Amino acid sequence: MQHQTTNDWEPEIIVSDVEVDKLLGIANAALERDPEIAEDLIAEIERASVLADSQLPKTVVRMGSEVEFEADDGRLRRRVTLVFPAEADISRGRISVLTPIGTALIGLSAGRSIKWLTRDGREQVLTVLAVEQTAVPA
């Protein structure tokens with residue numbers, strides 16, 4: 001499991017009823033090629049509160065959200081858009097939900113933090129600073 005499992009570092013996460021099945025489908029499809037990150041995404045979605053799409057607060061990171069976050073004890077500050085794997089393009093700041101950062105971001109609210117492990121095993125704390133909703137992906 002990439003993220004910590006202590007209650008202090010498992011903040012409440014919320015996902016849209018419109019996105020939950022698609023996210024689980026993507027994670028299940030990735031189980032053979034990248035089991036660790038796929039299992040992490042499944043675990044995050046399974047522990048999430050699911051709300052009707054129209055009830056999802058605008059401060060919650062969802063697919064298509066533009067997110068400003070900091071990590072690495074404040075040394076890394078980035079603004080990215082969370083996207084499905086086929087739309088990922090790191091050079092354009094489009095981060096896949098099937099990456100450690102993407103999985104950590106999904107469902108977090110602005111001001112919340114989560115502990116996670118980078119692909120090279122370093123423990124990080126990621127804090128969402130701001131969330132801007134763009135067009136919601138289909």
Side-chain angles (χ1 to χ4, degrees):
M1 188 86 101
Q2 294 278 25
H3 69 276
Q4 289 290 332
T5 56
T6 63
N7 289 334
D8 292 344
W9 292 106
E10 278 196 343
E12 177 185 27
I13 58 173
I14 306 168
V15 295
S16 158
D17 61 348
V18 172
E19 294 177 351
V20 70
D21 289 337
K22 189 164 186 179
L23 289 167
L24 286 173
I26 288 168
N28 282 316
L31 278 170
E32 283 191 34
R33 75 177 174 280
D34 199 347
E36 223 174 336
I37 193 68
E39 288 170 2
D40 285 348
L41 181 56
I42 291 168
E44 288 295 277
I45 299 306
E46 287 178 345
R47 77 176 187 87
S49 297
V50 179
L51 293 181
D53 194 63
S54 62
Q55 300 299 309
L56 197 70
K58 294 192 183 310
T59 58
V60 171
V61 178
R62 64 180 301 159
M63 299 310 297
S65 294
E66 191 171 308
V67 185
E68 183 175 358
F69 70 90
E70 72 178 19
D72 199 17
D73 296 325
R75 291 185 293 252
L76 171 67
R77 189 175 197 148
R78 297 212 35 212
R79 189 167 192 90
V80 299
T81 301
L82 187 63
V83 298
F84 292 107
E87 303 161 340
D89 182 348
I90 194 72
S91 68
R92 294 178 48 216
R94 298 173 64 83
I95 303 291
S96 170
V97 70
L98 273 179
T99 62
I101 288 177
T103 296
L105 286 172
I106 191 73
L108 280 180
S109 298
R112 300 303 300 250
S113 299
I114 192 167
K115 215 177 248 193
W116 61 290
L117 294 177
T118 63
R119 289 193 189 263
D120 64 3
R122 291 178 296 124
E123 187 175 86
Q124 297 279 313
V125 174
L126 179 145
T127 301
V128 174
L129 303 173
V131 178
E132 183 179 324
Q133 300 303 332
T134 58
V136 179

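Not measured: the values here are computed from a predicted model.
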request  = Before giving the answer on side chain to side chain contact (heavy atoms under 4.5 Å, CB included), spell out for D17 and Q55 the whole-Å C-alpha distance, their side-chain angles and the decisive distance to 0.1 Å.
outcome  = CA-CA 10 Å; D17 61 348; Q55 300 299 309; over 6 Å; no
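- Once rounded to the nearest 0.5 Å, the distance linking CD1 of I114 with CD of E44 reads 4.5 Å.
- For the atom pair I45 CD1 and I13 CD1, the distance stands at 6.0 Å (nearest 0.5 Å).
- Minimum interatomic distance between P85 and L98 (heavy atoms only, all atoms of both residues): CG-CD1, 3.7 Å.
- At distances below 3.5 Å, not a single donor-acceptor pair connects side-chain atoms of S109 with backbone N or O atoms of R112.
- The two residues S113 and V125 come nearest to each other via the heavy atoms CB-CG1, 4.0 Å.
- No option in E66, R92, E87 other than E66 meets the side chain to side chain contact (heavy atoms under 4.5 Å, CB included) test with T81.
- Side-chain N or O atoms of T103 include one that pairs as donor or acceptor with a backbone N or O of V97 at under 3.5 Å.
- Cluster annotation: I106 and V83 are assigned to distinct hydrophobic clusters (Ile/Leu/Val/Met/Phe/Trp/Tyr, side-chain heavy-atom contacts under 4.5 Å, transitive).
- Remark: the backbone N or O of G64 is paired with a side-chain donor or acceptor of T134 at under 3.5 angstrom.
- Rounding to the nearest 0.5 Å gives a distance of 9.0 Å between CD of E70 and CG of L126.
- The minimum heavy-atom distance between K22 and F84, with the atom names listed, is CD-CZ, 3.7 Å.
- Two residues are said to be in side-chain contact when any heavy atoms from C-beta on lie closer than 4.5 Å; D40 and P100 fail this criterion.
- V131 and L51 are not part of a single hydrophobic cluster, where members link through side-chain heavy atoms under 4.5 Å apart.
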inquiry  = As a quick check of understanding, evaluate side chain to side chain contact (heavy atoms under 4.5 Å, CB included) for I101 and F69, giving each step before the final call.
reply    = CA-CA 10 Å; I101 288 177; F69 70 90; 4.0 Å; yes
key: Intermediate values then yes/no, side chain to side chain contact (heavy atoms under 4.5 Å, CB included), I42 and L31   = CA-CA 10 Å; I42 291 168; L31 278 170; 4.2 Å; yes
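- Linking Ile, Leu, Val, Met, Phe, Trp and Tyr residues whenever their side-chain heavy atoms come within less than 4.5 Å places V20 and L108 in a single cluster.
- L41 and I14 are members of different hydrophobic clusters when ILVMFWY side chains are connected at heavy-atom separations under 4.5 Å.
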message = As a quick check of understanding, evaluate side chain to side chain contact (heavy atoms under 4.5 Å, CB included) for L82 and V61, giving each step before the final call.
response = CA-CA 8 Å; L82 187 63; V61 178; 3.8 Å; yes
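- In this structure the side chain of R78 reaches within 4.5 angstrom of the side chain of L76, judged on heavy atoms.
- One distance of note links OG of S65 with CG of L56; it measures 8.0 Å at 0.5 Å rounding.
- Judged purely by atom type and a 3.5 angstrom limit, E68 has no side-chain atom pairing as donor or acceptor with the backbone of A130.
- A donor-acceptor pair under 3.5 Å links the side-chain atoms of N28 to the main chain of L24, judged by distance alone.
- Residues E132 and R79 are paired through a salt bridge, judged by an N-O separation under 4.0 Å between the basic side chain and the carboxylate.
- Between atom OG of residue S16 and atom CG of residue L23 there is a gap of 9.0 Å, rounded to the nearest 0.5 Å.
- No chain of hydrophobic side-chain contacts below 4.5 Å, direct or via other Ile, Leu, Val, Met, Phe, Trp or Tyr residues, connects V128 to V60.
- Separation of atoms CD (Q124) and CZ (R75) is listed at 8.0 Å; rounding is to 0.5 Å.
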